[in-house]
2 protein chains.
Amino acid sequence: MKLTTRGRYAVTAMLDLAIHGEMQPVSLADISKRQEISLSYLEQLFAKLRREALVDSVRGPGGGYRLAHDSEAIFVAQIIDAVDESVDVTNCQGKGNCHHGEVCLTHHLWQDLSDRIHGFLSGISLADLVDNRGRVAARGSDTVQKLILQ
Amino acid sequence: MKLTTRGRYAVTAMLDLAIHGEMQPVSLADISKRQEISLSYLEQLFAKLRREALVDSVRGPGGGYRLAHDSEAIFVAQIIDAVDESVDVTNCQGKGNCHHGEVCLTHHLWQDLSDRIHGFLSGISLADLVDNRGRVAARGSDTVQKLILQ
DNA sequence: AAAAAACCAACTAAATTAGTAGGTTTTTAT
DNA sequence: ATAAAAACCTACTAATTTAGTTGGTTTTTT
């Protein structure tokens, strides 16, 4: 699994867009200043986000980036996936050929964990993050915890 | 977050121990052959597992390693932690000083995800893995999914 | 005494990540 | 028209991490 600065930067930048991009497009220079992320690095990330149609760009002065969809319809998992951070923790990229073409001893464990991580991040939209500044899991998790622990 | 070959190797090797170590200690050479993990690399991993008191060693011919506790009492999270793979995905190692000493925009998101991953892996023992060869999460997850999705 | 094993330290190759450098193209405002 | 602001693009680089190697020593059994 890869979940490093790159994925965190991408989500942070998209969240910045969701917060500041209501009226006019937001330039990467602004995001760079606010979030303290190198401008060139942001450019590379936004190239990928654009390829995956998560953002639209406006060139020229006053230009910048806008979310390509409502913030309710963009999910953290999509952002992470777009910048090439796979949330998959299996050794075989889910193929199941990890030990002589068969699944290895621990394949199902990693597969299940991967599914859970992806499921968790697929359920959180940018709008959720804007609403409560990232405190998202607390919502349902009490019930879930009780179920798991009982 | 780091969850790479190292952590997977460690869990696989411990599972091998749980399966083959009932009667006599298991040598790393055996694990190395069965699981196709470099012997020297296994040695490094077991040095850490021993330091964290997850395994006991027996030196000399016929020696090897044994689980230090019942397989019901050793959890995947402990193994991952022992070999220095942190399952924490925050940028600040959970300290919450990610943006000028304050929490960054996405801190809670990563913190919640980290907690979930750790919670998941803390609930799975080696015995669970032996029982159903790793197919563990399926158990409770249907109910959980329904709750989350409704 | 020999062999099997744990134990140990230092090194190395490969991969990945984060970041830099140095541009071009497009578009707006003056 | 021109200058400036911004996206867009490609290639390079430094640092870090990972996986693995090398070459031992120590302990214990046969």
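Residue numbering restarts at 1 for every chain, and letters A, B, ... go by the order of the sequence lines. Quick caveat: nothing in here was measured; it's all calculated off a predicted structure.
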Applying side chain to side chain donor-acceptor pair (under 3.5 Å), name anything that partners [X], two or more places apart in sequence or on another chain.
{"X": "B/E36", "value": "A/H100"}
{"X": "A/Q111", "value": "A/D115"}
{"X": "A/S114", "value": "A/D88"}
{"X": "B/H118", "value": "B/D81, B/S122"}

Donor-acceptor pairs under 3.5 angstrom involving side-chain atoms of residues 92-99 of chain A: please list them, not counting sequence neighbours.
none

Sub-4.0 Å heavy-atom contacts from residues 40-65 of chain B onto DNA chain D, ordered by number: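 B/S40, B/Y41, B/Q44, B/R59, B/G60, B/P61, in order of number.
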When you group the ILVMFWY residues by side-chain heavy-atom contacts below 4.5 Å and let the links chain together, are B/V26 and B/V130 in the same group?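 Linked, B/V130 and B/V26 end up in one cluster.
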Could you say whether A/R6 or B/L28 is positioned toward the 5' end of DNA chain C, judged by the nucleotide with the nearest heavy atom to each?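 That would be B/L28.
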Extract, from 5' to 3' on DNA chain D, the first and final nucleotides lying under 4.0 angstrom from some heavy atom of chain B.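 That gives a stretch of D/dT18 to D/dT29.
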Over how many whole Å does the gap from A/L39 atom CG to C/dA21 atom P extend?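 So the two atoms are 13 Å apart, to the nearest Å.
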Whole angstrom is fine here: how far is it from CG in A/L3 over to C1' in C/dT16?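 My rounded result for the distance is 15 Å.
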Report yes if a side-chain nitrogen or oxygen of B/S27 is closer than 4.0 Å to either non-bridging phosphate oxygen (OP1 or OP2) of C/dA4; otherwise report no.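 Answer no for this pair, as no side-chain N or O of B/S27 is under 4.0 Å from OP1 or OP2.
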For the helix from C/dA1-D/dT30 to C/dT30-D/dA1, measure the angle between the helix axis at one end and the axis at the other, each built from five pairs, rounding to 10°.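 Computed angle between terminal axes is 0°.
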What pairs of residues pass the side-chain hydrogen bond (donor to acceptor under 3.5 Å, both in side chains) test when at least one of them lies in residues 42-55 of chain A, not counting sequence neighbours?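 Non-adjacent pairs meeting side-chain hydrogen bond (donor to acceptor under 3.5 Å, both in side chains): A/K48-A/D84, A/R50-A/S57.
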Who pairs with B/R34 by salt bridge (Lys or Arg N to Asp or Glu O under 4.0 Å), at least two apart in sequence or on another chain?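 Applying salt bridge (Lys or Arg N to Asp or Glu O under 4.0 Å) to B/R34 gives B/D16.
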Sort and list the pairs that fulfil ring-ring contact (aromatic ring centres under 6.0 Å, His included) and have at least one residue in residues 18-66 of chain B, not counting sequence neighbours.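 Every pair satisfying ring-ring contact (aromatic ring centres under 6.0 Å, His included) with a residue in residues 18-66 of chain B: B/Y9-B/Y41, B/F46-B/Y65.
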Run the side chain to side chain contact (heavy atoms under 4.5 Å, CB included) test against A/A68 and tell me which residues pass, sequence neighbours left out.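 Residues passing side chain to side chain contact (heavy atoms under 4.5 Å, CB included) with A/A68: A/D56.
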